[in-house]
Amino acid sequence: MNTENVNENNLPSNFIKEIIDDDLAKGRYAKVHTRFPPEPNGYLHIGHAKSICLNFGLAREYKGLCNLRFDDTNPATEDVEYVDSIMEDVRWLGFDWETRLFYASDYFDNLYNYAVQLIKKGMAYIDSQPSDEIKNTRGTPTEAGTLSPYRNRSAEENLDLFVRMKNGEFKDGELVLRAKIDMASPNMNMRDPIMYRIRHAHHHRTGEKWCIYPMYDYAHGQSDSLEGITHSICTLEFENHRPLYNWFVEQLGIHHPRQIEFARLNLSYTIMSKRKLLQLVNEKIVNGWDDPRMPTICGLRRRGYTPESLRNFSERIGVAKRDGMIDVALLEFSIKEDLNKRAQRVMAVLNPLKLVIDNYPENLVEELDAVNNPEDETMGSRKVPFSKELYIEHDDFRENPPKKYFRLSPGNEVRLRYAYIIKCVDVIKNDDGSIKEVHCTYDPETKSGSAQSGRKVKGTIHWVSAQHAIDTEVRLYDRLFTVEDPSGDKEKDFKSFINSESLTVLNNCKIEPFIKSAKCGNKFQFERLGYFCVDSKDSTENNLVFNRTVPLRDTWAKIERG
RNA sequence: UGCCGGGUCGUCUAACGGUAGGACUACGCCCUUUGGAGGCGUCUGCAGAGGUUCGAAUCCUCUCCCGGCAGCCA
């Protein structure tokens with residue numbers, strides 16, 4: 001890391017911090033106050049996590065504040081269900097808005113009064129044109145729009161109509177309040193944008209109090225201003241809105257936050273559009289918003305991702321203005337890095353193959369020592385029962401081993417993790433020719449930890465004692481899409497790229513008895529396989545269900561692929 | 001064809017007129033009772049062309065490419 005580009009918190013800089021440093025140095029603002037402003041119309045996804053980490057992270061770094069504000073200006077699409085999940089997700093990510101939980105709807109009175117001021121100044125007017133007409137007279141990016149015939153109503157008339165609008169004297173869509181700016185502006189957002197529309201709708205917080213609702217462009221900046229926000233950070237698509245954002249606060253003469261735009265997160269092999277995610281849920285392509293294949297925060301949580309890994313990921317991807325595509329491998333690296341340091345290790349066999357040790361005493365059970373986490377001595381060790389009949393992974397035996405295959409095969413020796421070196425002496429088959437069980441002999445001198453245990457064998461495989469094994473269900477997840485950018489194809493719908501093998505359910509998995517103590521959400525490394533967590537929804541006391549968070553690097557698979 | 005914003009290794013991201021660096025990925029090697037982890041190393045980059053300058057990724061000009069903008073959505 002370039003030390004010159006790292007601040008005292010040891011965090012790398014970015015263009016937003018440079019702007020903030022400059023604002024602070026020049027005295028434009030005395031402190032930093034940001035906000036995370038979700039619309040409660042869907043679940044948060046990892047793209048939001050980037051924004052949350054950015055906004056709360058900046059506040060933390062500059063010893064400032066960050067508010068949580070729900071942008072609830074459109075009662076038609078918003079719901080409390082989403083409000084609750086959003087708060088849960090932000091908290092889970094590790095951020096705290098303390099007492100500063102706000103809603104744009106908290107400011108409906110202020111916004112109304114500001115609108116009255118603008119009307120009185122002659123900067124806003126009531127338009128009686130139907131929506132089609134407004135659309136048709138807006139012009140195009142290359143042609144100016146035309147003036148509304150209602151553009152020059154007197155302030156008195158505008159005020160009267162606005163009050164009556166608020167009082168519910170008009171139907172939905174009948175009138176609209178517009179800012180009077182410039183119908184010929186090359187920036188479409190400045191062509192007399194709509195500030196208020198009529199919606200006789202129930203609002204999740206204000207109930208029936210209002211039948212007029214402010215538009216985003218009008219509500220957002222003024223809400224920022226009222227909260228004393230200094231840096232209003234949003235995504236690139238709002239760049240063209242900044243002149244309008246500035247126009248409102250300048251006309252009103254109120255506190256002027258600085259809007260800064262950054263590139264939203266795009267992740268390979270997934271989609272981030274709320275609309276498309278909703279489609280996956282509605283069409284039951286996935287099992288709900290928290291399906292572990294979803295890029296939602298609740299999905300990642302259920303998948304086994306930790307808040308730390310997501311925060312590290314956010315820091316690692318950086319913040320910039322050019323939009324790009326982050327390799328999902330970076331996300332996977334972040335969780336493996338975290339879990340490697342913290343996850344309890346355990347032996348689990350996903351696709352069991354019976355292994356009998358012919359020369360091992362019939363009824364003997366040994367309790368062998370196994371390290372809980374080689375990366376963290378303080379996690380100690382545990383006992384694992386060993387006996388004559390074991391299960392090993394089907395993949396760990398080959399009757400005709402290819403070159404460089406270090407695992408078990410006829411006549412070959414292998415180490416049983418934490419136990420003995422064994423040698424394969426026989427293979428029993430089913431009628432159909434498939435392998436039924438494998439017979440081995442063990443070398444009693446090679447017990448793990450003993451004097452002779454130092455003997456070298458090429459491979460070490462994991463195992464579970466058959467009579468002690470706990471049966472579980474394990475769900476293996478793979479990327480939801482088969483292509484890097486499922487939304488990038490203009491011809492084909494994103495759903496045509498769904499990976500039909502994104503979920504594999506294994507019902508006959510065997511895990512060492514230690515797993516009995518596992519609780520919902522607990523995370524483990526199944527040695528040599530990957531990281532797994534106890535599913536928080538479908539697990540019961542007697543029937544544990546595991547989700548594979550991410551597999552371990554599989555060097556052998558790579559060799560075999562060529 | 002209007003306006004706004006962008007183009008630095010395969011992918012992200014640094015450099016603020018002075019040796020193009022880091023991370024991920026990939027590929028080697030070392031190590032290993034996890035073919036994990038870790039360590040070491042390698043590959044690959046300033047969109048192009050001019051200019052200013054002792055010196056340009058950085059400043060200027062032109063060209064090319066990419067993204068956004070015509071909801072009473074946010």
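Just so we're on the same page: letters track the sequence lines, and every chain starts at 1.
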Quiz item: Donor-acceptor pair under 3.5 Å: do we get one between A/Glu375's side chain and the base of B/rG36?
Solution: yes

Quiz item: Roughly how many Å is it from NE2 in A/His462 to C1' in B/rU32, rounded to a whole number?
Solution: 18 Å

Quiz item: Can a donor-acceptor pair under 3.5 Å be found between the side-chain atoms of A/Arg345 and the base atoms of B/rU34?
Solution: yes

Quiz item: With side chains defined as the heavy atoms from C-beta onward, is the minimum distance between A/Arg345 and A/Val371 less than 4.5 Å?
Solution: no

Quiz item: How do A/Glu78 and A/Gln525 order along RNA chain B: which one's closest nucleotide is nearer the 5' end?
Solution: A/Gln525

Quiz item: Quantified in whole Å, what is the C1' atom distance between nucleotide B/rC62 and nucleotide B/rA23?
Solution: 36 Å

Exercise. Is it possible for you to check whether A/Arg153 lies under 6.0 Å from the centre of the six-membered ring of A/Tyr125, through NZ or CZ, and within 45° of that ring's axis?
Key: no

Practice problem: Rounded off to whole Å, could you give me the CG-to-C1' distance for the A/Leu244 and B/rA74 pair? | Solution: 14 Å

Quiz item: Touch check for A/Met215, heavy atoms < 4.0 angstrom, all strands: base, sugar-phosphate only, or nothing?
Solution: sugar-phosphate

Practice problem: Classify the nucleic acid contact of A/Pro130 as base, sugar-phosphate or nothing, counting any heavy atom under 4.0 Å across all strands shown. | Solution: base

Quiz item: Do the non-hydrogen side-chain atoms of A/Ile52 and A/Asp89 ever get within less than 4.5 Å of each other?
Solution: no

Quiz item: In whole angstrom, what separates A/Phe15's CZ from B/rC12's C1'?
Solution: 15 Å

Practice problem: Identify whether any heavy atom of A/Gly324 sits under 4.0 Å from a base atom; if not, whether one sits that close to sugar-phosphate; answer base, sugar-phosphate or nothing. | Solution: sugar-phosphate

Quiz item: Which ranges of RNA chain B pair up as stems, where a stem means three or more consecutive Watson-Crick or G-U pairs with both distances under 3.5 Å?
Solution: B:2-7 with B:64-69, B:10-13 with B:21-24, B:26-30 with B:38-42, B:47-51 with B:59-63

Exercise. Go through B/rG36, B/rG68, B/rG35 for me and flag the one nearest to the A/Asn340 side chain.
Key: B/rG36

Quiz item: So what does A/Ile194 touch, heavy atoms closer than 4.0 Å: a base, only the sugar-phosphate, or nothing?
Solution: base

Self-check item: Any donor-acceptor N/O pair under 3.5 Å between B/rU34 base and A/Thr460 side chain
Solution: no

Quiz item: Does the base of B/rG35 carry an N or O that pairs as donor and acceptor with the side chain of A/Arg407 under 3.5 Å?
Solution: yes

Quiz item: Is any side-chain heavy atom of A/Ile511 closer than 4.5 Å to a side-chain heavy atom of A/Met347?
Solution: no

Practice problem: Specify the residue among A/Asp71 and A/Arg528 whose closest nucleotide of RNA chain B lies further upstream toward the 5′ end. | Solution: A/Arg528

Quiz item: How are the rings of A/Phe108 and A/His203 set to each other: parallel, tilted or perpendicular (split at 30° and 60°)?
Solution: perpendicular

Quiz item: Heavy atoms under 4.0 Å, any strand shown: does A/Thr77 hit a base, just sugar-phosphate, or nothing?
Solution: nothing

Practice problem: Please determine if A/Arg382 forms a cation-pi arrangement with A/Phe514, meaning its NZ or CZ atom is less than 6.0 Å from the six-membered ring centre and no more than 45° off the ring axis. | Solution: yes

Exercise. Have a look at A/Arg322 and say if it touches a base, only the backbone sugar-phosphate, or nothing, with a 4.0 Å heavy-atom cut-off.
Key: base

Quiz item: Less than 6.0 Å separating the ring centroids of A/His220 and A/Tyr216?
Solution: yes

